[in-house]
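These notes concern the structure reproduced below.
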Amino acid sequence: MLDPKLLRETPELVKASQRARGADEGLVDAWHAADSNWRSLNTKYDLIRAEQKNLSKAIGPLQGKLKGGDSAVQDELAQLMQKATALADELTQLAVDRDAAEAAANKIMGGFANIVDADAPVGGEDDFKIIETIGTPRDFKAAGFEPKDHIELGELLGAIDIERGAKVSGSRFYYLTGVGALLELALVRMAMDFATKWGFTAVIPPALVRPQAMEGTGFLGQAAVDVYHLPADDLYLVGTSEVPLAAFHMDEILDGRDLPLRYAGFSPCFRREAGSHGKDTKGIIRVHWFDKVELFAFCDPKDAAAEHAKFLEFEKEFLTALELPFRVLDIATGDLGMSAIRKFDCEAWIPSQSAYREVTSTSNCTTFQSRRLRIRSKVSEGAEYVSTLNGTLMASTRTIVALLENHQQADGSVKVPKALIPHLGMEVLTPVAKRI
RNA sequence: GGAGGAUUCGCCUAGUGGCCUAUGGCGCUCGCUUGGAAAGCGAGUUGGGGGCAACCCCUCGCGGGUUCAAAUCCCGCAUCCUCCGCCA
């Protein structure tokens with residue numbers, strides 16, 4: 001949700017942002033009309049309500065006198081009662097109108113995406129800016145062999161079983177087996193160790209949430225078709241632990257001195273992938289479920305840009321420790337999520353595709369989510385909305401794909417990056433003699 | 001799943017239709033005091049909305065209802081606790 005003040009005071013800024021996103025700037029004027037309608041009804045209601053309260057206060061004592069036998073007040077009382085009844089009726093109607101006007105204004109408000117950062121590149125999906133490229137893709141030709149893809153490597157190592165995943169759960173499901181399962185656990189533990197070192201509190205949040213949590217984080221808007229819903233219980237399966245982490249402090253007023261509050265959540269992520277039929281149909285690049293370690297922070301709005309920069313540094317440090325070649329993108333305005341004002345993606349090199357593919361993504365959502373979730377911090381006077389930031393640290397499937405493919409050797413074995421060895425307890429993953 | 005109880009300001013708590021413009025304590029903040037602290041004393045301490053302002057309105061878990069008037073009465077929901085059942 002946007003700050004209504006921003007819309008009232010700097011409508012041009014909001015219009016410019018809508019344009020940069022390729023969104024409807026007409027919403028700004030529509031909201032203004034709806035808002036002033038609501039404000040005038042609200043003022044009217046308040047005035048009449050005040051009058052009614054004053055009348056009610058007069059009625060009490062008069063009734064007392066009447067009960068005490070003072071019949072002289074009877075006429076006055078009857079008059080007041082009549083007036084009060086009329087006011088009560090008027091209020092009932094006004095409340096209906098006022099609430100309808102408010103709902104209309106809120107509906108328009110809900111359509112606004114966050115104000116894009118002035119530094120974000122303007123344009124659509126392909127207009128991202130490459131900030132930097134770290135590491136160099138290996139020259140497999142020089143090494144004398146063709147790189148295998150992660151599907152083949154996963155089979156050789158007994159690490160990934162896609163066929164049985166499909167048999168049991170359908171397409172885009174998989175089993176991690178043997179070293180595959182151990183690899184994920186080691187990556188999770190390594191990610192959590194890094195995050196803890198950076199000042200994040202490790203969290204294992206619920207992966208099923210109520211509608212208000214899903215709604216509050218903005219996933220029931222355009223992205224609703226991608227969300228799994230359990231109608232019998234009206235619960236949603238989260239697509240990222242960003243949801244339960246953001247909602248963790250829902251309806252709370254935090255102590256400003258505690259900021260930033262940093263959490264690293266580990267949870268399964270469920271995605272219907274409704275709009276991506278035909279994309280990445282092979283392997284485990286795009287799946288309906290994977291596990292992820294997600295970074296999340298609540299911070300002072302003044303520090304949000306700096307915190308965002310730190311999130312990117314954290315992601316880079318982790319990918320570097322895994323010895324993966326990757327590049328960093330500054331995502332263009334038209335490709336930002338609704339809540340984000342700026343987004344950086346890290347894309348790891350995938351040898352079998354000869355392409356960089358997204359492995360992490362970090363967004364600065366300023367106060368957009370905290371307004372919906374009513375998360376504020378106590379400052380000297382009053383309370384102000386906090387900024388929220390999120391970023392992937394380790395998405396298990398894509399990280400495993402990148403690791404296997406980049407660190408493979410001619411015989412199908414895979415070298416374990418140094419930083420991961422203590423967590424995995426192995427230096428090399430070796431092909432199994434016989435698949436289970 | 002069944003039965004009962006609870007939900008008031010950061011925490012505890014008073015409050016059974018109008019005197020609630022919500023009590024008291026703890027904690028916290030500021031001040032006095034002090035060499036400094038503790039104790040003591042004094043003041044402050046839920047948030048939100050509208051209005052140029054004076055000021056007004058909302059907020060007692062949430063949503064409805066009754067009433068001129070609701071923390072208080074009625075209905076629904078949520079959460080927590082206790083007991084029973086089932087399960088791990």
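The figures here come from the full heavy-atom set of this structure, side chains too, leaving out hydrogens, waters and symmetry mates. First the proteins, then the strands, lettered A, B, ... as listed; each starts at 1.
B:G10 and B:G44: their C1' atoms are spaced 15 Å apart (whole Å). Of the C1' atoms belonging to B:A70 and B:C60, the separation is 11 Å, rounded to the nearest Å. With both ends at atom P, the span from B:G25 to B:A14 equals 15 Å, rounded to whole Å. Annotation: B:U59 and B:U8 have their C1' atoms spaced 12 Å apart (nearest Å). Spacing of P atoms, B:U16 relative to B:G2, comes out at 32 Å, to the nearest Å. B:A39 sits 8 Å from B:G27 when the P atoms are compared, rounded to a whole Å. B:C57 and B:A22: their P atoms are spaced 13 Å apart (whole Å). Taking atom C1' on both B:G61 and B:C9, the two are 14 Å apart, rounded to the nearest angstrom.
Following rounding to the nearest Å, A:R8 (CZ) and B:G49 (C1') show an atom-to-atom distance of 9 Å. Rounded to an integer number of Å, the gap from CG of A:N106 to C1' of B:G48 is 14 Å. Going from atom CG of A:L55 over to atom P of B:C57 covers 13 Å, rounded to whole Å. Taking atom CG on A:D89 and atom C1' on B:G65, their separation rounds to 15 Å, with Å as the unit. When the C1' atom of B:G51 is taken as reference, atom CG of A:L41 falls 16 Å away, rounded to whole Å. Between A:D35 atom CG and B:G49 atom C1' the separation is 11 Å, expressed in whole Å. Per the geometry, CD belonging to A:Q212 stands 13 Å off P belonging to B:C62, to the nearest Å. If you take CD of A:E252 and C1' of B:U46, they are 15 Å apart, rounded to a whole angstrom.
Exactly one residue among A:S377, A:P301, A:S370, A:C365 makes a side chain to side chain contact (heavy atoms under 4.5 Å, CB included) with A:S387. That residue is A:P301.
Here the nucleotide nearest the side chain of A:R39, chosen from B:U79, B:G50, B:C58, is B:G50. Looking at the side chain of A:D46, the nearest of the listed nucleotides B:C68, B:A70, B:G49 is B:G49. Among the nucleotides B:G49, B:C68, B:C57, the one closest to the side chain of A:A88 is B:C68. Considering only side-chain atoms of A:R210, the nucleotide from B:A78, B:C68, B:C56 that sits closest is B:A78. Among the nucleotides B:G18, B:G50, B:G49, the one closest to the side chain of A:S56 is B:G18. Of the listed nucleotides (B:C56, B:C58, B:G49), B:C58 has the atom at the smallest distance from the side chain of A:R49.
Base-pair partner of B:A70: not found among the strands shown (Watson-Crick or G-U wobble, both distances under 3.5 Å). Pairing partner, B:C86: none, since no Watson-Crick or wobble contact has both distances short of 3.5 Å. Partner assigned to B:C20 is none, using Watson-Crick or G-U wobble distances below 3.5 angstrom. Across all strands shown, B:A78 forms a Watson-Crick or G-U wobble pair, both distances under 3.5 Å, with B:U7. When Watson-Crick and G-U wobble pairs are counted only if both distances are under 3.5 Å, B:U45 pairs with B:G27. In this structure, B:U34 forms no base pair with any nucleotide, since neither Watson-Crick nor G-U wobble geometry is met with both distances under 3.5 Å.
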Exercise. Begin from the C-alpha positions of A:D226 and A:R272 and carry the test salt bridge (Lys or Arg N to Asp or Glu O under 4.0 Å) through to its verdict.
Key: CA-CA 5 Å; A:D226 256 324; A:R272 295 186 63 234; over 6 Å; no
Practice problem: For the pair A:Y228 and A:Y236, evaluate ring-ring contact (aromatic ring centres under 6.0 Å, His included) and give the outcome as yes or no after the intermediate values. | Solution: CA-CA 6 Å; A:Y228 284 103; A:Y236 292 87; over 10 Å; no
Practice problem: Tell me, with the steps shown, if A:F112 and A:W31 meet ring-ring contact (aromatic ring centres under 6.0 Å, His included). | Solution: CA-CA 10 Å; A:F112 287 108; A:W31 182 82; 7.3 Å; no
Practice problem: Take A:Q52 and A:R49 through the side chain to side chain donor-acceptor pair (under 3.5 Å) test and state the conclusion after the steps. | Solution: CA-CA 5 Å; A:Q52 183 201 34; A:R49 172 72 176 145; 2.7 Å; yes
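Taking side-chain N and O atoms only, A:R374 has no distance below 4.0 Å to OP1 or OP2 of B:C62. Within the 4.0 Å cut-off from OP1 or OP2 of B:A69, at least one side-chain nitrogen or oxygen of A:Q52 is found. A sub-4.0 Å separation between OP1 or OP2 of B:C58 and a side-chain N or O of A:K53 is present.
When the nearest nucleotides of RNA chain B are assigned to A:W38 and A:D99 by heavy-atom distance, the more 5′-ward of the two goes with A:W38. For A:M81 and A:A50, each mapped to the nucleotide of RNA chain B holding its nearest heavy atom, the one lying further toward the 5' end belongs to A:A50.
A perpendicular orientation is assigned to the rings of A:F200 and A:F314, their planes being inclined by more than 60° (bins at 30° and 60°).
The residues A:D161 and A:R164 are annotated as salt-bridged, a charged nitrogen and a carboxylate oxygen being separated by less than 4.0 angstrom.
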